[in-house]
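Both backbone and side-chain heavy atoms feed into the values below; hydrogens, waters and symmetry mates do not. Just follow the structure's listing: the first ligand is 1, and inside any ligand the first atom is 1.
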Amino acid sequence: MTDSIEAQRPSNRVLPHELPAALRDAGLMNWIREPLDDAVDRRRRIIVPPAAAAMGTPASAYQGALLAEARHPDTVFMMGDNPALPTMPERPVLKDFFQLRLSKIGASHLLQSAKVAAKRGLDEKVIMACLLHDIAIAGLLSANHGYWGAQMVGPYVDEEVAWAIEKHEALRYFPDESVGYTYPEAYIDYFGPDYNPPEYIHREAAAARQHRWYMTSRLVTINDIYSFDRDAVVDFDEFEDVVGRNFRQPGEGLGFDGSPVAHMWRTMIWPNNFL
Ligand SMILES: [Fe+2]
Ligand SMILES: [Fe+2]
C-alpha cells in the first residue's frame, strides 16, 4: 500500500540526470527547466531558443545537444504553460498582456509614452499608438518591431493607429526640426555616433513624410521618450477608457479569435512552445 502511494508520487518518477558538459559549458542549462514544485507534471522541460534569438550567437551551435536531451526519460519539450510565467486567462485582453507578459521595462516605456501624450492633450489615436508602439519589443521580437507591432494590433485598432506604429520605426531616425524632433540621444549610445540606417529605412521615412497621417506617427516619435523614469509606475487602468474606445477586444480573447494575427498573440501567451 505504502509502495503504491510512493509510486504515484510524481517526483519519484524523475530520474537523476546530469546535463552533458557541452550544454553546461555553453551556459545552456537555463534552457532546461528542471521539475520544480510548481511544474504541472514533474517532467523536465526543454526550451529550445527560437531561431531568431539563437542565430548568430553561441547558442545556435548547441541546438542539436538540446534536441538530444528530449530522449531522456521524463524529459519533454516545453509545450503550453511554462510554470515560470504567470498563467494567462482563457480569454486574454490587452491588459493581461501588459500585466502578465510584456517585459516590465517595455510595458513601463509604453505606459509612460502614452501618459506624456495624454498630458499634452493629444488625440486619442496618438495616445493609443503611443501605448502600443513598442509592444513587439516588449513581448515578441525587437528586429523590425514597428512592422511586427503594427500587424499584431492591426485588426483591433484604427488603420491610422497601426500605420503610425509601423512608420515610427523609420521616422525615429530622422529629425524634423519644424516640430521640435531631434535625433534621439539614446540612439548615439545604442548604435554609435556613426550609425546610418539601411536604405529601405530612408525610403520608408521619406514616404511616410509625404503621407496624410505623417503627424500621427511623428507624434509617436516625439512622445517616445527614452529619458523615462525606470521606477515610475503608471497604471494600465489610467487608459481603460482610451483602450475601450480605441481597441476592439475580440470576445474569444486575443489569440483565439481566428484573426490573421492571432498566432502572434498566442506566441506571447506560450513563448516557449517547441512548435
Ligand atoms: Fe520603437
Ligand atoms: Fe519607444
Side-chain angles (χ1 to χ4, degrees), residues 52-53 94 97-99 101-120 122-154 156-158 160-176 179-192 195-198 200-209 211 213-234 236 238-239 242-243 246-247 261 264 268:
L94 186 62
F97 285 90
F98 266 78
Q99 297 190 329
R101 282 298 180 273
L102 302 190
S103 71
K104 267 205 164 45
I105 193 165
S108 176
H109 171 62
L110 293 174
L111 289 163
Q112 288 188 57
S113 293
K115 185 155 185 158
V116 173
K119 264 193 185 158
R120 289 173 172 160
L122 296 172
D123 189 276
E124 283 196 356
K125 280 182 194 167
V126 175
I127 299 171
M128 198 64 216
C130 288
L131 185 65
L132 296 171
H133 76 281
D134 285 340
I135 191 171
I137 297 181
L140 191 65
L141 274 171
S142 300
N144 293 288
H145 74 281
Y147 303 85
W148 286 106
Q151 282 189 331
M152 196 190 303
V153 303
Y156 316 111
V157 298
D158 191 282
E160 184 175 346
V161 172
W163 188 90
I165 293 171
E166 179 177 308
K167 302 306 177 193
H168 95 274
E169 180 172 332
L171 288 177
R172 200 84 175 81
Y173 294 101
F174 300 95
D176 183 347
V179 289
Y181 180 77
T182 50
Y183 187 77
E185 288 275 315
Y187 279 16
I188 297 173
D189 288 337
Y190 290 177
F191 313 121
Y195 181 71
N196 182 23
Y200 78 89
I201 288 285
H202 283 263
R203 279 199 308 272
E204 288 273 286
R209 206 159 175 150
H211 197 280
W213 291 333
Y214 166 64
M215 199 43 69
T216 312
S217 193
R218 176 50 78 198
L219 282 167
V220 172
T221 70
I222 290 173
N223 292 283
D224 189 359
I225 37 159
Y226 281 114
S227 54
F228 59 96
D229 180 354
R230 283 167 196 267
D231 300 320
V233 179
V234 182
F236 184 90
E238 285 185 32
F239 303 101
V242 174
V243 171
N246 294 276
F247 191 93
V261 301
M264 295 191 193
M268 292 195 285

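- Inclusion of His145 in the first shell of the Fe ion (ligand 1) is supported: an N, O or S atom falls under 2.8 Å.
- His202 contributes a side-chain N or O that, together with a main-chain N or O of Pro197, makes up a donor-acceptor pair within less than 3.5 Å.
- In this structure, Leu94 CG and Phe239 CZ are separated by 11.5 Å, a value rounded to the nearest 0.5 Å.
- At a threshold of 2.8 Å, the Fe ion (ligand 2) has no backbone or side-chain N, O or S atom of His168 nearer than that distance.
- Sequence neighbours left out, the pairs with a member in residues 162-175 that pass salt bridge (Lys or Arg N to Asp or Glu O under 4.0 Å) are Lys167-Glu204, Arg172-Asp224.
- Between the Fe ion (ligand 2) and the N, O or S atoms of Asp224, the shortest distance is to OD1.
- Looking only at distances, no side-chain donor or acceptor of Trp163 sits under 3.5 Å from a matching main-chain atom of Ala208.
- No other N/O/S atom of Asp134 lies as close to the Fe ion (ligand 2) as OD2 does.
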